[in-house]
Amino acid sequence: MAAISLRLPDEIETLLATEAEREGRSRSEIVREAIADYVVRRERERFMGEVVDAANAIGKDGTASAEARTLANTDDGQPLDDESTNDWWR
């Protein structure tokens, strides 16, 4: 495991130490978890941004937009998963 060194403002270090004591965990464990959560959240935000960009690009392209609507429907124009007869949400 790699080791890093960082400086925290006194107020944050106090909050971190208090939280670690409350949870019975080490400060390092809490910091590792916080960093992992941050990295995953940022990764998800970037991915969602890419999805939005792609959706916007499809929406601006009439041909791609029509193709996407065609792919989303069956031959009879009904959604692929007919939710009116499917209890998948329960």
- Message: Distance check, rounded to the nearest 0.5 Å: Leu6 atom CG versus Ile12 atom CD1?
- Response: 10.0 Å
- Task: Supply the atom-to-atom distance Leu8 CG to Leu15 CG, rounded to the nearest 0.5 angstrom.
- Result: 10.5 Å
- Message: How close do Ala20 and Ser26 get, counting heavy atoms only, and between which atoms?
- Response: CB-C, 4.1 Å
- Spell out, yes or no, whether Phe47 and Val39 are grouped together once hydrophobic residues are joined by side-chain heavy atoms under 4.5 Å, including indirect joins. no
- Among all residues two or more places apart in sequence or in another chain, which pass the salt bridge (Lys or Arg N to Asp or Glu O under 4.0 Å) test with Arg25? Glu23, Glu29, Glu33
- Query: Between the main-chain N or O of Ala66 and the side-chain N or O of Thr70, is there a donor-acceptor pair closer than 3.5 Å?
  - Reply: yes
- Walk me through it: do Arg32 and Met1 pass the test side-chain contact (heavy atoms from CB on, under 4.5 Å)? CA-CA 11 Å; Arg32 278 192 300 271; Met1 183 180 301; 4.1 Å; yes
- Item | Chi angles and distances behind the side-chain contact (heavy atoms from CB on, under 4.5 Å) call for Glu13, Arg27 | CA-CA 9 Å; Glu13 197 286 324; Arg27 294 178 306 163; 2.4 Å; yes
- Could I get the full list of salt bridge (Lys or Arg N to Asp or Glu O under 4.0 Å) partners for Glu45, not counting sequence neighbours? Arg41, Arg42
- For the hydrophobic clusters of this structure (ILVMFWY residues joined by side-chain heavy atoms under 4.5 Å, transitively), does one cluster hold both Ile58 and Val51? no
- Arg22 side chain reached by Thr18 side chain, heavy atoms, under 4.5 Å: yes
- Listed once per pair and sorted, the salt bridge (charged side-chain N to carboxylate O under 4.0 Å, His left out) pairs that draw on residues 2-11, sequence neighbours left out: none
